[in-house]
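The sequence lines fix the lettering, A, B, ..., with proteins before strands; numbering per chain opens at 1.
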There are 2 protein chains.
Amino acid sequence: MNQSNENILDSLSLPFESVLLPDERDKLYSSTNKVEYSKRDIIIKQSARVSEIPLILSGLVKISREMRRGKNVILRIAQPGSYLGLSSIFGSDVYEYSVFALENVTVRFIDIETFSWLIKKNGLFGMEVVKQISADNIFNINRLSSLLYKQLPGRVADIILYFSEDIFKSETFSIPLTRQELAELAGTTKESLIRTLSEFKHDKIIDMNRNSFKVNSMHIIKTLSRLG
Amino acid sequence: MNQSNENILDSLSLPFESVLLPDERDKLYSSTNKVEYSKRDIIIKQSARVSEIPLILSGLVKISREMRRGKNVILRIAQPGSYLGLSSIFGSDVYEYSVFALENVTVRFIDIETFSWLIKKNGLFGMEVVKQISADNIFNINRLSSLLYKQLPGRVADIILYFSEDIFKSETFSIPLTRQELAELAGTTKESLIRTLSEFKHDKIIDMNRNSFKVNSMHIIKTLSRLG
DNA sequence: AAATGTGATCTAGATCACATTT
DNA sequence: AAATGTGATCTAGATCACATTT
């Protein structure tokens with residue numbers, strides 16, 4: 001299953017390639033190379049000089065900002081099919097966050113020079129990049145400002161919604177993160193995250209067993225998320 | 001002074017126009033119109049359908065996200081010379097935040113259709129837009145994640161640094177915001193903001209008189225910012 | 001042994017209720 | 001009267017110190 005899944009995703013076309021001319025498309029493909037990672041491997045390291053654009057072909061990754069030793073904020077969980085680190089590449093000269101494999105992950109790396117050349121040469125491609133970075137920016141503003149003003153139950157409801165609606169598109173799912181990582185996604189400590197999840201379970205809002213979750217009352221989760 | 005200042009800035013070229021051909025430049029200019037605002041006026045309203053790109057020609061504005069009735073986060077203070085709301089325009093179909101005039105402000109509005117057409121037609125223009133949105137994104141990630149994990153003295157030191165280094169480029173400055181707004185910039189309440197500023201004053205780190213500030217020890221402010 | 005979980009305690013900053021200043 | 005500021009009190013969630021589970 002894992003393999004066939006990887007094969008399907010490996011044959012993914014590069015995002016935005018539909019707006020490219022055949023020779024542009026060939027040039028873009030020829031500037032890429034593919035790497036396999038195992039669970040917990042680091043794919044890109046915050047503060048390293050930017051050199052390539054990673055595109056996840058299969059597997060989930062976490063995008064994490066190291067605030068200081070041992071203190072991290074997980075910005076988002078990324079799925080196959082979108083370019084990562086675009087805003088670091090064009091708005092900085094170092095990666096502004098780290099990317100880690102949460103499971104076995106295949107990554108295609110794209111050369112920055114070729115990518116930049118394409119933005120300048122093909123305006124439709126440039127427009128797609130503009131849209132992608134804009135959507136990333138709005139996602140970040142939304143998530144981080146919610147973390148900033150919502151109380152813990154609202155933030156934990158948010159991450160349950162995030163996995164259920166955005167990542168797994170199901171009310172039953174298994175989260176490939178430790179409790180510590182879930183806490184970094186909710187902007188809290190592991191103890192507080194654990195207590196809040198336990199309360200949700202006690203109140204029958206969710207079922208939870210290790211990393212398996214089931215949302216029993218999506219309505220209550222959404223209310224908690226909304227009220228913050 | 002105010003008037004001559006406005007005249008200088010009014011003659012600002014549009015950002016990125018240097019990469020445009022003469023006819024592109026003319027088309028861009030012809031799609032704009034200019035509006036004057038007074039202190040406290042709203043320039044763009046969160047959740048309104050996006051229609052134009054505002055470019056501040058003179059004066060300072062606050063970019064503010066309304067989280068719920070009466071609960072706001074100020075994302076940043078914007079100065080003359082950069083396009084606002086780009087990521088809302090290309091990543092959403094409504095403005096993701098409001099923009100208010102902090103003093104008398106002149107704004108040139110640019111038609112979105114013309115702007116989009118230029119991104120697609122002229123790749124160099126597209127690349128400039130990509131760079132601007134990327135830099136905005138990194139700024140937001142930096143600021144919001146700092147608000148998320150730093151303690152209050154570090155956050156207040158951050159906003160003092162922000163005004164001193166980014167906005168006014170001086171150790172003496174007058175902040176055109178109420179204490180409530182400063183609190184929204186620091187992610188706290190007005191009472192806590194006032195107390196923290198009073199402590200800084202008591203400890204002789206800053207001088208403060210109404211809205212006039214002077215940084216006495218930039219070193220301590222930077223240390224507080226760094227230690228968070 | 002590393003991750004998960006629990007109970008006791010602490011504390012930064014929010015909230016509340018006013019007084020003072022502009 | 002709206003903005004600024006102060007003091008008293010409260011509380012959400014952090015921290016600490018372990019026990020339990022995988």
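Going from atom CD of A:Glu199 over to atom C1' of D:dG13 covers 11 Å, rounded to whole Å. Atom CD in A:Glu184 sits about 12 Å away from atom P in C:dA3, given to the nearest Å. Computed from coordinates, the B:Asn209 CG to C:dT22 C1' distance equals 12 Å when rounded to whole Å. Rounded to whole Å, atom C1' of D:dG13 lies 9 Å from atom CZ of A:Arg155. Look at CG on A:Leu193: it is 15 Å from C1' on D:dA12, rounded to the nearest Å. In this structure, the CZ atom of A:Arg40 is 11 Å from the C1' atom of C:dA3, given to the nearest Å. As a whole-Å value, the separation of B:Leu152 CG from D:dA14 P is 16 Å. Per the geometry, CG belonging to A:Leu148 stands 13 Å off C1' belonging to C:dG13, to the nearest Å.
Salt bridge A:Arg65/A:Glu184: absent, no basic N to carboxylate O contact under 4.0 Å.
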| message | Within the 4.0 Å limit for protein heavy atoms, which parts of nucleotides 4-10 of chain C are touched? Write it as a string from 5' to 3', B for base, S for sugar-phosphate only, - for none. | response | BBBBB--

| Is there a side-chain contact (heavy atoms from CB on, under 4.5 Å) between A:Asp166 and A:Arg76 once you walk through the steps? | CA-CA 11 Å; A:Asp166 290 15; A:Arg76 66 189 171 102; over 6 Å; no

| Steps toward side-chain contact (heavy atoms from CB on, under 4.5 Å) verdict (B:Ile159, B:Arg143) | CA-CA 10 Å; B:Ile159 67 177; B:Arg143 229 185 73 77; 4.3 Å; yes

| request: Begin with the C-alpha distance, continue with both residues' side-chain angles, and end with the deciding distance and a verdict on side-chain contact (heavy atoms from CB on, under 4.5 Å) for B:Val129 and B:Phe115. | output: CA-CA 10 Å; B:Val129 175; B:Phe115 200 87; 3.9 Å; yes

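Ring planes of A:Tyr162 and A:Phe139: tilted class, angle from 30 to 60°.
Of the candidates C:dA14, D:dT15, D:dG13, D:dG13 carries the atom nearest the A:Thr188 side chain, counting heavy atoms from C-beta on. For A:Ser192, the listed nucleotide lying nearest its side chain is D:dA14; candidates were C:dA12, D:dA14, C:dA14.
Stem list for DNA chain D (at least 3 consecutive Watson-Crick or G-U pairs, distances under 3.5 Å): C:1-22 with D:1-22.
Across B:Arg49 and B:Tyr95, no two heavy atoms sit closer than the pair O-CE1, 3.6 Å. Across all their heavy atoms, B:Val105 and B:Leu60 have their closest contact at CG2-O, 3.4 Å. Shown here for B:Glu171 and B:Ser164, the closest heavy-atom pair between the two residues is CA-OG, 3.9 Å.
No donor-acceptor contact under 3.5 angstrom links the side chains of B:Ser87 and B:Glu96, judged on distance only.
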